[in-house]
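Notes for the one structure printed next.
As the structure lists them, so they are numbered: ligands from 1, and atoms in each ligand from 1.
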Amino acid sequence: MDVSSEKVASLRTISLVKLESGSVSERDLLLQTCTEDGFFYLDLTHPSYSALLDNVESVFEASESLFNYAPDIKNLFDVDKISDLKVNGYKPKGRNFVTKDKSDGHLDSLRGVVRGLCSAAHLVFSSLSASLSLPAGQHFEDFQGLPRPSPDILRLLKYHADTDTSCQPHVPHTDIGSLTFVFSSTPGLKVLPRCVSTKDQDQEPSSLPWQYVAPRPGHAVVNVGDCLSLLTNGLLKSALHCVGPVEGRSMNERYSIAYLMRPEDCAVLRTLDSPKIPQPAPGQEDPITSGEWIRRKFEALRGGRGDGNSIDHILTGGRGVVS
Ligand SMILES: O=C(O)CCC(=O)C(=O)O
Ligand SMILES: [Fe+2]
(Lines give C-alpha, C1' and ligand atoms only; values in the text may rest on other atoms or scores of the structure.)
(Ligands and ions follow the chains in the order given, each with its own letter.)
Protein backbone atom coordinates (compact mmCIF):
# COMPACT_ATOMS: atom_id res chain seq x y z
CA MET A 1 0.00 0.00 0.00
CA ASP A 2 1.39 3.37 -1.03
CA VAL A 3 1.52 5.26 2.33
CA SER A 4 4.39 5.79 4.74
CA SER A 5 5.20 2.56 6.54
CA GLU A 6 4.46 3.89 10.03
CA LYS A 7 0.85 4.38 8.93
CA VAL A 8 0.48 0.76 7.92
CA ALA A 9 -0.64 -1.51 10.76
CA SER A 10 2.03 -4.09 11.53
CA LEU A 11 -0.44 -6.80 12.41
CA ARG A 12 0.85 -10.15 13.56
CA THR A 13 0.09 -13.24 11.50
CA ILE A 14 -1.38 -16.38 12.99
CA SER A 15 -1.15 -19.58 11.02
CA LEU A 16 -4.35 -21.61 11.07
CA VAL A 17 -2.55 -24.78 10.05
CA LYS A 18 -0.14 -24.42 12.97
CA LEU A 19 -3.05 -23.95 15.38
CA GLU A 20 -4.66 -27.00 13.85
CA SER A 21 -1.54 -29.08 14.36
CA GLY A 22 -1.50 -28.07 18.04
CA SER A 23 1.59 -25.83 17.95
CA VAL A 24 2.05 -24.45 21.45
CA SER A 25 4.14 -21.50 20.26
CA GLU A 26 1.40 -20.51 17.80
CA ARG A 27 -1.19 -20.80 20.56
CA ASP A 28 0.93 -18.54 22.78
CA LEU A 29 1.30 -16.03 19.96
CA LEU A 30 -2.47 -16.05 19.43
CA LEU A 31 -3.12 -15.29 23.10
CA GLN A 32 -0.51 -12.54 23.13
CA THR A 33 -1.98 -11.02 19.96
CA CYS A 34 -5.54 -11.10 21.29
CA THR A 35 -4.52 -9.54 24.62
CA GLU A 36 -2.30 -6.86 23.06
CA ASP A 37 -3.80 -6.01 19.66
CA GLY A 38 -7.15 -7.72 19.14
CA PHE A 39 -6.44 -7.69 15.39
CA PHE A 40 -4.43 -10.12 13.26
CA TYR A 41 -3.95 -11.71 9.86
CA LEU A 42 -5.05 -15.33 9.74
CA ASP A 43 -2.87 -17.21 7.28
CA LEU A 44 -5.06 -19.44 5.11
CA THR A 45 -2.46 -20.14 2.43
CA HIS A 46 -2.06 -23.83 3.32
CA PRO A 47 -3.60 -26.01 0.56
CA SER A 48 -6.14 -27.42 3.01
CA TYR A 49 -7.87 -24.01 3.01
CA SER A 50 -7.89 -23.44 -0.73
CA ALA A 51 -11.56 -24.52 -1.00
CA LEU A 52 -12.46 -21.89 1.62
CA LEU A 53 -10.58 -19.20 -0.32
CA ASP A 54 -12.25 -20.29 -3.58
CA ASN A 55 -15.62 -20.02 -1.87
CA VAL A 56 -14.74 -16.54 -0.62
CA GLU A 57 -13.97 -15.50 -4.23
CA SER A 58 -17.27 -16.91 -5.38
CA VAL A 59 -19.14 -15.02 -2.64
CA PHE A 60 -17.44 -11.80 -3.84
CA GLU A 61 -18.88 -12.51 -7.31
CA ALA A 62 -22.32 -13.09 -5.76
CA SER A 63 -21.98 -9.87 -3.83
CA GLU A 64 -21.21 -7.88 -6.95
CA SER A 65 -24.18 -9.30 -8.81
CA LEU A 66 -26.50 -8.65 -5.85
CA PHE A 67 -25.44 -5.03 -5.65
CA ASN A 68 -26.05 -4.73 -9.40
CA TYR A 69 -29.77 -5.37 -8.97
CA ALA A 70 -31.97 -2.33 -9.55
CA PRO A 71 -32.60 -0.23 -6.41
CA ASP A 72 -36.35 -1.03 -6.39
CA ILE A 73 -35.54 -4.76 -6.18
CA LYS A 74 -32.94 -4.24 -3.46
CA ASN A 75 -35.31 -1.99 -1.53
CA LEU A 76 -37.84 -4.82 -1.28
CA PHE A 77 -35.40 -6.19 1.30
CA ASP A 78 -34.98 -2.96 3.22
CA VAL A 79 -33.14 -3.77 6.43
CA ASP A 80 -35.39 -1.57 8.51
CA LYS A 81 -38.59 -3.25 7.30
CA ILE A 82 -37.49 -6.87 7.62
CA SER A 83 -36.63 -7.08 11.31
CA ASP A 84 -36.06 -5.07 14.46
CA LEU A 85 -32.33 -5.55 14.42
CA LYS A 86 -30.11 -4.48 11.59
CA VAL A 87 -29.13 -8.04 10.86
CA ASN A 88 -31.14 -9.02 7.80
CA GLY A 89 -31.71 -7.14 4.65
CA TYR A 90 -30.42 -4.55 2.25
CA LYS A 91 -29.27 -1.25 3.65
CA PRO A 92 -29.14 1.41 0.93
CA LYS A 93 -25.42 1.78 0.47
CA GLY A 94 -25.34 -1.72 2.18
CA ARG A 95 -26.81 -5.56 2.07
CA ASN A 96 -29.30 -8.70 1.50
CA PHE A 97 -29.88 -11.71 -0.57
CA VAL A 98 -31.96 -11.31 -3.68
CA THR A 99 -30.92 -14.42 -5.52
CA LYS A 100 -33.54 -15.78 -7.90
CA ASP A 101 -31.41 -18.55 -9.29
CA LYS A 102 -30.49 -20.85 -6.47
CA SER A 103 -28.58 -23.15 -8.81
CA ASP A 104 -25.87 -20.65 -9.70
CA GLY A 105 -23.42 -22.15 -7.22
CA HIS A 106 -23.15 -19.07 -5.05
CA LEU A 107 -25.28 -20.51 -2.29
CA ASP A 108 -22.99 -23.53 -2.10
CA SER A 109 -20.01 -21.18 -1.90
CA LEU A 110 -21.73 -19.26 0.82
CA ARG A 111 -22.32 -22.44 2.81
CA GLY A 112 -18.66 -23.34 2.23
CA VAL A 113 -17.55 -19.95 3.58
CA VAL A 114 -19.76 -20.26 6.66
CA ARG A 115 -18.62 -23.83 7.36
CA GLY A 116 -14.95 -23.00 6.74
CA LEU A 117 -14.98 -19.90 8.93
CA CYS A 118 -16.94 -21.62 11.71
CA SER A 119 -14.33 -24.33 11.90
CA ALA A 120 -11.48 -21.77 11.74
CA ALA A 121 -13.18 -19.88 14.57
CA HIS A 122 -13.58 -23.10 16.52
CA LEU A 123 -9.81 -23.64 16.31
CA VAL A 124 -9.10 -20.08 17.43
CA PHE A 125 -11.58 -20.42 20.31
CA SER A 126 -10.28 -23.78 21.48
CA SER A 127 -6.67 -22.55 21.34
CA LEU A 128 -7.57 -19.50 23.44
CA SER A 129 -9.63 -21.63 25.85
CA ALA A 130 -6.64 -23.94 26.37
CA SER A 131 -4.21 -21.03 26.81
CA LEU A 132 -6.46 -19.49 29.45
CA SER A 133 -7.09 -22.85 31.18
CA LEU A 134 -10.84 -22.30 31.02
CA PRO A 135 -12.85 -24.86 32.98
CA ALA A 136 -15.15 -27.37 31.27
CA GLY A 137 -18.42 -25.79 30.23
CA GLN A 138 -16.85 -22.33 29.97
CA HIS A 139 -14.81 -22.77 26.82
CA PHE A 140 -15.31 -19.98 24.28
CA GLU A 141 -16.46 -22.59 21.78
CA ASP A 142 -19.24 -23.68 24.19
CA PHE A 143 -21.03 -20.37 23.66
CA GLN A 144 -21.64 -21.00 19.99
CA GLY A 145 -22.11 -24.46 18.61
CA LEU A 146 -21.55 -25.57 15.04
CA PRO A 147 -24.59 -27.89 14.96
CA ARG A 148 -26.98 -25.33 16.47
CA PRO A 149 -28.83 -22.50 14.68
CA SER A 150 -26.39 -19.67 14.31
CA PRO A 151 -26.84 -16.05 15.34
CA ASP A 152 -23.77 -15.12 13.26
CA ILE A 153 -23.91 -12.21 10.83
CA LEU A 154 -22.59 -12.26 7.29
CA ARG A 155 -22.09 -8.84 5.75
CA LEU A 156 -21.58 -8.34 2.05
CA LEU A 157 -20.41 -4.77 1.91
CA LYS A 158 -20.07 -2.39 -1.00
CA TYR A 159 -18.45 0.97 -0.37
CA HIS A 160 -19.18 3.47 -3.10
CA ALA A 161 -16.44 5.49 -4.72
CA ASP A 162 -16.30 8.94 -3.15
CA THR A 163 -14.10 11.89 -4.07
CA ASP A 164 -14.49 13.43 -0.60
CA THR A 165 -11.15 12.51 0.99
CA SER A 166 -12.65 12.91 4.48
CA CYS A 167 -15.65 10.61 3.94
CA GLN A 168 -16.17 7.90 6.53
CA PRO A 169 -18.45 5.19 5.17
CA HIS A 170 -18.02 2.94 8.22
CA VAL A 171 -17.81 4.81 11.54
CA PRO A 172 -15.31 3.83 14.26
CA HIS A 173 -16.64 0.83 16.16
CA THR A 174 -15.71 -2.42 17.80
CA ASP A 175 -17.46 -5.55 16.63
CA ILE A 176 -20.57 -6.87 18.26
CA GLY A 177 -19.74 -10.56 18.38
CA SER A 178 -16.87 -12.74 19.49
CA LEU A 179 -14.63 -12.93 16.43
CA THR A 180 -14.87 -11.26 13.02
CA PHE A 181 -13.29 -12.44 9.76
CA VAL A 182 -12.86 -9.83 7.02
CA PHE A 183 -11.87 -10.37 3.40
CA SER A 184 -11.16 -7.58 0.92
CA SER A 185 -8.60 -6.98 -1.78
CA THR A 186 -8.99 -3.18 -1.60
CA PRO A 187 -7.45 -0.95 1.11
CA GLY A 188 -9.75 1.09 3.33
CA LEU A 189 -9.90 -0.79 6.65
CA LYS A 190 -8.17 1.16 9.44
CA VAL A 191 -7.42 0.15 13.02
CA LEU A 192 -6.57 2.23 16.05
CA PRO A 193 -3.52 0.81 17.84
CA ARG A 194 -4.41 -0.35 21.35
CA CYS A 195 -1.79 1.94 22.87
CA VAL A 196 -3.88 4.97 21.85
CA SER A 197 -6.32 5.97 24.55
CA THR A 198 -9.36 7.86 23.35
CA LYS A 199 -10.78 8.17 26.85
CA ASP A 200 -11.45 11.65 28.14
CA GLN A 201 -10.42 13.18 24.88
CA ASP A 202 -12.76 15.06 22.68
CA GLN A 203 -11.06 13.85 19.54
CA GLU A 204 -12.42 14.00 16.05
CA PRO A 205 -12.08 10.49 14.58
CA SER A 206 -10.09 11.97 11.69
CA SER A 207 -7.40 13.27 14.06
CA LEU A 208 -6.77 9.86 15.63
CA PRO A 209 -3.66 7.97 14.50
CA TRP A 210 -5.45 5.29 12.47
CA GLN A 211 -3.30 2.66 10.83
CA TYR A 212 -4.15 1.13 7.47
CA VAL A 213 -4.63 -2.58 7.21
CA ALA A 214 -2.98 -3.68 3.98
CA PRO A 215 -4.93 -6.39 2.13
CA ARG A 216 -3.00 -9.64 2.05
CA PRO A 217 -3.95 -12.38 -0.42
CA GLY A 218 -4.71 -15.74 1.15
CA HIS A 219 -5.30 -14.20 4.57
CA ALA A 220 -8.36 -13.13 6.53
CA VAL A 221 -8.15 -10.11 8.79
CA VAL A 222 -9.50 -11.28 12.13
CA ASN A 223 -10.51 -9.14 15.05
CA VAL A 224 -11.63 -9.82 18.57
CA GLY A 225 -15.20 -8.66 19.21
CA ASP A 226 -16.88 -7.21 22.29
CA CYS A 227 -18.17 -10.57 23.54
CA LEU A 228 -14.70 -12.10 23.97
CA SER A 229 -13.67 -8.95 25.74
CA LEU A 230 -16.71 -9.08 28.07
CA LEU A 231 -16.11 -12.79 28.82
CA THR A 232 -12.52 -12.05 29.85
CA ASN A 233 -13.08 -8.82 31.76
CA GLY A 234 -11.17 -6.92 29.08
CA LEU A 235 -8.17 -9.27 28.90
CA LEU A 236 -8.86 -9.99 25.23
CA LYS A 237 -9.14 -6.69 23.41
CA SER A 238 -11.72 -5.68 20.85
CA ALA A 239 -9.98 -3.10 18.71
CA LEU A 240 -11.54 0.05 17.35
CA HIS A 241 -11.65 0.13 13.55
CA CYS A 242 -13.38 1.92 10.70
CA VAL A 243 -13.38 2.14 6.92
CA GLY A 244 -12.48 5.20 4.89
CA PRO A 245 -10.20 6.48 2.17
CA VAL A 246 -6.46 6.08 2.36
CA GLU A 247 -4.97 9.38 3.49
CA GLY A 248 -5.29 12.20 1.01
CA ARG A 249 -6.99 10.04 -1.64
CA SER A 250 -10.47 9.46 -2.89
CA MET A 251 -12.35 6.40 -1.70
CA ASN A 252 -12.25 3.72 -4.37
CA GLU A 253 -15.21 1.44 -4.87
CA ARG A 254 -14.60 -1.36 -2.40
CA TYR A 255 -16.18 -4.72 -1.71
CA SER A 256 -15.62 -6.64 1.48
CA ILE A 257 -17.04 -9.68 3.23
CA ALA A 258 -17.30 -9.59 7.01
CA TYR A 259 -18.38 -12.66 8.97
CA LEU A 260 -19.21 -11.86 12.58
CA MET A 261 -19.33 -14.88 14.87
CA ARG A 262 -21.68 -14.36 17.79
CA PRO A 263 -22.41 -16.27 21.01
CA GLU A 264 -25.99 -17.49 21.07
CA ASP A 265 -28.46 -14.83 22.18
CA CYS A 266 -29.08 -16.56 25.53
CA ALA A 267 -25.35 -16.72 26.40
CA VAL A 268 -24.57 -14.69 29.51
CA LEU A 269 -21.51 -12.51 29.09
CA ARG A 270 -19.72 -12.48 32.42
CA THR A 271 -16.09 -13.00 33.41
CA LEU A 272 -15.11 -16.63 32.99
CA ASP A 273 -13.44 -18.53 35.82
CA SER A 274 -9.72 -18.65 35.18
CA PRO A 275 -6.67 -17.78 37.23
CA LYS A 276 -5.35 -16.09 34.09
CA ILE A 277 -8.30 -13.70 33.76
CA PRO A 278 -8.55 -10.70 36.09
CA GLN A 279 -11.67 -11.31 38.18
CA PRO A 280 -14.05 -8.44 38.95
CA ALA A 281 -14.67 -7.48 42.55
CA PRO A 282 -17.87 -9.08 43.91
CA GLY A 283 -20.94 -7.17 42.77
CA GLN A 284 -18.89 -5.09 40.34
CA GLU A 285 -20.04 -6.93 37.26
CA ASP A 286 -23.20 -6.27 35.34
CA PRO A 287 -23.71 -9.44 33.26
CA ILE A 288 -25.56 -9.05 30.00
CA THR A 289 -26.76 -11.60 27.47
CA SER A 290 -25.37 -11.65 23.96
CA GLY A 291 -28.90 -10.91 22.68
CA GLU A 292 -29.19 -7.82 24.86
CA TRP A 293 -25.70 -6.66 23.85
CA ILE A 294 -26.55 -6.74 20.15
CA ARG A 295 -29.84 -4.94 20.82
CA ARG A 296 -28.07 -2.13 22.69
CA LYS A 297 -25.32 -1.88 20.12
CA PHE A 298 -27.73 -1.53 17.22
CA GLU A 299 -29.68 1.06 19.13
CA ALA A 300 -26.44 3.01 19.57
CA LEU A 301 -25.52 2.52 15.90
CA ARG A 302 -28.88 3.94 14.93
CA GLY A 303 -28.28 6.96 17.14
CA GLY A 304 -30.83 5.71 19.66
CA ARG A 305 -31.53 6.53 23.29
CA GLY A 306 -28.86 7.41 25.83
CA ASP A 307 -26.48 10.29 26.24
CA GLY A 308 -23.58 10.70 23.83
CA ASN A 309 -21.07 9.11 26.18
CA SER A 310 -23.06 5.96 26.89
CA ILE A 311 -23.70 5.53 23.17
CA ASP A 312 -20.00 5.90 22.42
CA HIS A 313 -19.24 3.48 25.25
CA ILE A 314 -21.38 0.83 23.58
CA LEU A 315 -20.20 1.58 20.04
CA THR A 316 -16.59 1.28 21.08
CA GLY A 317 -17.01 -1.69 23.42
CA GLY A 318 -16.02 0.42 26.42
CA ARG A 319 -12.87 1.63 24.68
CA GLY A 320 -13.55 5.28 24.98
CA VAL A 321 -15.32 8.23 23.57
CA VAL A 322 -14.90 9.41 20.03
CA SER A 323 -16.89 12.41 19.00
O1 LIG B 1 -15.31 -3.59 5.35
C2 LIG B 1 -14.43 -3.82 6.17
O3 LIG B 1 -13.24 -3.99 5.85
C4 LIG B 1 -14.74 -3.92 7.65
C5 LIG B 1 -16.20 -4.09 7.94
C6 LIG B 1 -16.48 -4.01 9.42
O7 LIG B 1 -15.73 -3.50 10.20
C8 LIG B 1 -17.74 -4.60 9.92
O9 LIG B 1 -18.58 -5.03 9.12
O10 LIG B 1 -17.91 -4.65 11.16
FE1 LIG C 1 -16.22 -4.06 12.21
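- The shortest distance between side-chain heavy atoms of Glu26 and Ile14 falls below 4.5 Å.
- Note on Phe40: it does not cluster hydrophobically with Val24, by side-chain heavy-atom contacts below 4.5 Å among ILVMFWY residues.
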Per-pair distances, ligand 1 N/O vs protein N/O, less than 3.5 Å:
{"residue": "ligand 1", "atom": "1 (O)", "partner": "Tyr159", "partner atom": "OH", "Å": "2.7"}
{"residue": "ligand 1", "atom": "1 (O)", "partner": "Arg254", "partner atom": "NH1", "Å": "3.0"}
{"residue": "ligand 1", "atom": "1 (O)", "partner": "Ser256", "partner atom": "OG", "Å": "2.7"}
{"residue": "ligand 1", "atom": "3 (O)", "partner": "Arg254", "partner atom": "NH1", "Å": "3.2"}
{"residue": "ligand 1", "atom": "3 (O)", "partner": "Arg254", "partner atom": "NH2", "Å": "2.9"}
{"residue": "ligand 1", "atom": "7 (O)", "partner": "His173", "partner atom": "NE2", "Å": "3.2"}
{"residue": "ligand 1", "atom": "7 (O)", "partner": "His241", "partner atom": "NE2", "Å": "3.1"}
{"residue": "ligand 1", "atom": "9 (O)", "partner": "Arg155", "partner atom": "NH1", "Å": "2.8"}
{"residue": "ligand 1", "atom": "10 (O)", "partner": "Arg155", "partner atom": "NH1", "Å": "2.9"}
{"residue": "ligand 1", "atom": "10 (O)", "partner": "His173", "partner atom": "NE2", "Å": "3.1"}
{"residue": "ligand 1", "atom": "10 (O)", "partner": "Asp175", "partner atom": "OD1", "Å": "3.0"}

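- Just one of Tyr212, Phe39, Trp210 meets the ring pair (Phe, Tyr, Trp, His ring centres under 6.0 Å) condition when paired with His241; it is Phe39.
- The environment of Asp286 atom CG is sparse: at most 12 non-hydrogen atoms of other residues, nucleotides or ligands sit within 6.0 angstrom.
- Going from atom NE2 of His170 over to atom CG of Leu157 covers 6.5 Å, rounded to the nearest 0.5 Å.
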For side-chain contact (heavy atoms from CB on, under 4.5 Å), just list the numbers for Tyr69 and Asn75, CA-CA rounded to whole Å, side-chain angles, deciding distance to a tenth of an Å, and then say yes or no. CA-CA 10 Å; Tyr69 275 90; Asn75 287 333; over 6 Å; no

Let's go through Leu110 and Leu154 carefully: what are the C-alpha distance in whole Å and the side-chain angles of both, what is the deciding distance for side-chain contact (heavy atoms from CB on, under 4.5 Å) to 0.1 Å, and is it a yes or a no? CA-CA 10 Å; Leu110 192 64; Leu154 173 76; 3.3 Å; yes

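- Side-chain polar atoms of Thr186 and Asn252 form no donor-acceptor pair below 3.5 angstrom.
- Protein-derived N/O/S atoms nearer than 2.8 Å to the Fe ion (ligand 2) total 3, waters excluded.
- Tyr255 and Glu61 share no side-chain donor-acceptor pair at under 3.5 Å.
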